[in-house]
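Quick notes on the structure that follows.
When a ligand or atom number is given, it counts from 1 through the structure's own listing order. Computed from a prediction, not measured in an experiment: that's the story for all the values here.
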Amino acid sequence: ASKNQAVEPLGQTFFIFDTVVNVKIYDNRATSKNFEELDALMQEIDGRISRTAEGSEIYQVNANSGVAPVKVSEETYDLVSTALDYAKRTDGRFDPAIGNLVTLWNIGHEGAHVPAVEDIAIAQALCDYTKIDMNADKHEIFLQEKGMAIDLGSIGKGYAADRIYDYLAEQGFNSAIIDLGGNVYAMGKKPNGNLWTIGIQDPDQERGNPIGNIKVEDKTVVTSGIYERFFIEDGQLYQHIINPKTGYPVDNGISSVTIVTNRSTDADALSTTLFVLGIEEGLAFIENTPDTEALFISKDKKLYATSGFKELLTKTNDDYVFAN
Ligand code: ADP
Ligand code: MG
Ligand code: MG
């Protein structure tokens, strides 16, 4: 083959992790076997960390809350440990023990409505990361209170993106787009040596309408927003990120938060974290996080960005203006 031969990407769409996953490999050596292996990898991850899949490790940990520690795989143990690091750094405003509030509010699913105040109080009392015991020697996790539940919805897709990236790297690929419902990992560069162009979704428009784009090489770009998982009751929008301190969905004027960094597990945890922290505290938090940039889009179409993100962003929609 001539060295100028065009590289046609080979891609596949999967429905898993409660979202649409699309992986495109830009390498003529990619085959359908790679996608079979990716499918198996994702099934394996979901079967380990899903809160709702009976028999998953997280399911077992939750089912044994208040009863007994559960031994989990090293990977699951490490993922919960990473989530706990963010919980500690935010004094529990990011909290992987959020399971009861997530189940109660049921946001993004059929029939979601505002729960009774007393039910919110009961669920909230069970959301407390300080009651997760980690035994590093035995790889055991124990939830101290009966009924407590871990939920890794804030970090799981990022983790899966990293695992997909690592698989592709092991297979010798260095150019790919991994997209788990907007949780994107742009591997390497385009085959022609150019940077990848990643759109930043306009929170007020259908998917595919960006406010602008950024050009990146080997970075992950992850967004948490109010626009995909929510319900409206009495004219009020309830989105899916919950403040564990109040028991209610966060309602702080933010439409979305986008993170750009090197590992998707961190980007995913950070997008959720910054959403809860809000603009001012969130930007301060990112100042202390190396190699990481953030962009907030507010409901009144203002942009608040780290200086690095400002440099990256090519704005294509003039309705949105920088406010910092
Ligand atoms: P997406 O689901 O679109 O990827 P996020 O990564 O921000 O969005 O994750 C939101 C999910 O995280 C929720 O659906 C829920 O499962 C969980 N969650 C909600 N609030 C919190 C919180 N304060 N801390 C940790 N996880 C949370
Ligand atoms: Mg996410
Ligand atoms: Mg997240």
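Around the Mg ion (ligand 2), the protein N, O or S atoms closer than 2.8 Å are Asp268 OD1, listed by chain and residue number.
For atom 16 (O) of ligand 1, the closest heavy atom belonging to the protein is Asp151 OD1, 2.7 Å. For atom 18 (N) of ligand 1, the closest non-hydrogen atom of the protein is Ile98 CG2, 4.0 Å. Of all protein heavy atoms, the one lying nearest to atom 7 (O) of ligand 1 is Ser224 OG, 2.6 Å. Remark: minimum distance from atom 8 (O) of ligand 1 to any protein heavy atom is reached at His240 NE2, 3.0 Å. Thr272 OG1, 3.3 Å is the protein heavy atom nearest to atom 5 (P) of ligand 1. The single protein non-hydrogen atom nearest to atom 6 (O) of ligand 1 is Asp268 OD1, 2.8 Å, given as residue, atom name and distance.
Between Phe230 and Trp105, the ring center distance fails the sub-6.0 Å criterion.
Distances below 4.0 Å separate heavy atoms of Val102 from the following atoms of ligand 1: 15 (C), 16 (O).
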Determine all donor-acceptor pairs shorter than 3.5 Å in which one atom belongs to a side chain in residues 279-287; sequence neighbours excluded.
from	atom 1	to	atom 2	distance (Å)
Glu281	OE1	Arg93	NH1	3.1
Glu281	OE2	Arg93	NH1	3.4
Glu281	OE2	Arg93	NH2	2.6

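With respect to Glu140 and Lys71, no salt bridge is recorded, no charged nitrogen being found less than 4.0 Å from a carboxylate O.
With a heavy-atom cut-off of 4.0 Å, Pro244 touches ligand 1 through its side chain alone.
Proximity of Asn183 to ligand 1 is not established, as no heavy-atom distance is less than 4.0 Å. At least one heavy atom of Arg229 lies less than 4.0 angstrom from ligand 1.
Between Thr223 and ligand 1, no N or O atom pair is found at a separation short of 3.5 Å. Residue Ile242 has at least one N or O atom closer than 3.5 Å to an N or O atom of ligand 1.
Heavy-atom proximity to atom 4 (O) of ligand 1, evaluated over Arg93, Arg51, Lys157, is greatest for Lys157.
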Note to self: Set out, in order, the CA-CA distance, both residues' side-chain angles and the distance that settles side chain to side chain donor-acceptor pair (under 3.5 Å) for Thr76 and Arg48, then state yes or no.
What the structure shows: CA-CA 7 Å; Thr76 299; Arg48 228 168 3 88; 2.7 Å; yes

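Minimum interatomic distance between Ile25 and Phe35 (heavy atoms only, all atoms of both residues): CD1-CZ, 3.7 Å.
Taking the side chain as every heavy atom from C-beta outward, Leu274 and Val276 never approach each other to under 4.5 Å.
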